[in-house]
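In what follows, a structure is listed as structure tokens, so that the remarks can point back to it.
Atom set for the values below is all heavy atoms of this structure, side chains included, hydrogens, waters and symmetry mates excluded.
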Amino acid sequence: LTAKAEPLPEVTYLDANGAEQTCTEYTLVDSSTSGASWYAGWYVVKKDADVTIKSENEYMDGVSINGDVNLILCDGASLTFSGNNAISTVYSSLTIYAQSTGNNMGVLNAEGGWQGISTFNGNVNIIGGSIVSGPIISQNGNITISGGSVDVAATANAGYGIEADEGSVTISGGTVKAKGGYNSAISANNGITISGGTVTATATGGGAIGINGNNNTVTISGGKVTASGPMGAINFATVKNTIAGTGWTNTDDTDDMADIHV
């Protein structure tokens, strides 16, 4: 006799447009995935599950991603990674989805000793979920947030909260709270665009900026933005604001200012 594995149940999730989609082929995430790499495909933390994945020692990553990974956080689920980098990817991208937009969204805790989510030549896309993380850093890649709740805080000895080195940061929805350590709260070398959501960027280090454009363009066309830092709310940037009626437009007295209160 040959045993036949039962198929996994269908899992729904919300895509970038808020439409419900269905996933039928995936890997179920549980504690047994500890110490293993994730490869290209879909991963699901089931409803109300509480999963913790720790690195074998403080110098290793919680999970290493090889290939583009899509993670679905089901309602009421909690997934915690810990390690030198809680999540690390190389030439790979990570996209995070949730099943709903309310208080019951699944939670991802990325407890990195150095960085919460770290990518090299890859992108980070947060479409949903409640994300509590150390710094989210992408080298040669882009960071996109279109929904969910994202709370990122750098420790005192870490630099940026959210940084795209040689990449861009795009925020079009959700609630984003970013706190920098000795560096800026949000920084990108190839442009920062905010078109929706509620964004709070707070820098506390002596030479830090709330939103650092790195001599590129910061475009704000929607949402609610609050930025602050000892070296300015928004600095080292050509600031473009297209929100009519807010008292913050591309006129001679507001364009490219170092300290703009939104």
Side-chain angles (χ1 to χ4, degrees), residues 85-86 110-119 124 126 131-145 149-172 174-243 246-262:
N85 297 304
E111 301 173 348
W114 177 242
Q115 295 172 358
I117 301 174
S118 173
T119 74
V124 178
I126 299 174
I131 314 301
V132 181
S133 176
I136 298 177
I137 308 295
S138 180
Q139 298 182 48
N140 302 316
N142 304 316
I143 298 170
T144 302
I145 301 170
S149 172
V150 181
D151 192 343
V152 175
T155 59
N157 62 346
Y160 300 97
I162 296 173
E163 183 200 18
D165 185 6
E166 302 302 327
S168 63
V169 171
T170 301
I171 300 172
S172 59
T175 300
V176 179
K177 296 179 181 179
K179 182 179 179 181
Y182 60 78
N183 240 320
S184 304
I186 299 175
S187 176
N189 285 358
N190 288 335
I192 297 170
T193 300
I194 300 172
S195 60
T198 300
V199 180
T200 304
T202 306
T204 58
I209 304 157
I211 298 176
N212 186 350
N214 283 299
N215 299 315
N216 213 300
T217 301
V218 174
T219 302
I220 301 175
S221 60
K224 181 179 179 181
V225 181
T226 302
S228 62
M231 291 293 289
I234 303 175
N235 210 342
F236 296 109
T238 299
V239 180
K240 302 295 182 184
N241 178 14
T242 60
I243 307 175
T246 62
W248 209 67
T249 57
N250 277 334
T251 58
D252 291 340
D253 63 342
T254 59
D255 189 33
D256 204 19
M257 287 180 65
D259 190 7
I260 298 175
H261 301 283
V262 186

side-chain hydrogen bond (donor to acceptor under 3.5 Å, both in side chains) for T119 and S138? Distances and angles first, verdict last.
CA-CA 5 Å; T119 74; S138 180; 2.8 Å; yes
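- I209 contributes atom CD1, which lies 7.5 Å from atom CG of N214 (distance to the nearest 0.5 angstrom).
- The line from CD1 of I136 to CD1 of I131 is 7.5 Å long, rounded to the nearest 0.5 Å.
- Between the side chain of N142 and the backbone N or O of S168, at least one donor-acceptor pair lies under 3.5 Å.
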Using side-chain contact (heavy atoms from CB on, under 4.5 Å), reason through I211 and V225 one step at a time and then give a plain yes or no.
CA-CA 10 Å; I211 298 176; V225 181; 4.1 Å; yes
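- The two residues I143 and E163 make their nearest non-hydrogen contact at CD1-O, 3.3 Å.
- V150 has its side chain out of reach of I171: every pair of non-hydrogen atoms, C-beta onward, lies at least 4.5 Å apart.
- Here CG of N183 is found 11.0 Å from CE of M231. Values are rounded to the nearest 0.5 Å.
- Scored by the side-chain hydrogen bond (donor to acceptor under 3.5 Å, both in side chains) test, D151 finds no partners at all (sequence neighbours excluded).
- Considering only residues two or more places apart in sequence or on other chains, E166 meets the side-chain hydrogen bond (donor to acceptor under 3.5 Å, both in side chains) condition with N189.
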Report the C-alpha separation of V199 and I186 in whole Å, then their side-chain angles, then the decisive distance to 0.1 Å, and conclude whether the side-chain contact (heavy atoms from CB on, under 4.5 Å) test is met.
CA-CA 10 Å; V199 180; I186 299 175; 3.9 Å; yes
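- Rounded to the nearest 0.5 angstrom, N190 CG and N216 CG are separated by 6.0 Å.
- Of all the heavy atoms in S184 and A203, the pair that sits closest is CA-CB, 4.4 Å.
- Between A188 and G167, the closest heavy-atom pair is CB-O, 3.6 Å.
- The two residues I117 and A110 have their closest heavy-atom pair at CG1-CB, 4.2 Å.
- T170 contributes atom OG1, which lies 9.5 Å from atom CD1 of I192 (distance to the nearest 0.5 angstrom).
- Shown here for A185 and A178, the closest heavy-atom pair between the two residues is CB-O, 3.4 Å.
- Expressed to the nearest 0.5 Å, how far CG of N212 lies from CD1 of I162 amounts to 13.5 Å.
- Between A154 and Y160, the shortest heavy-atom contact is CB-O, 3.6 Å.
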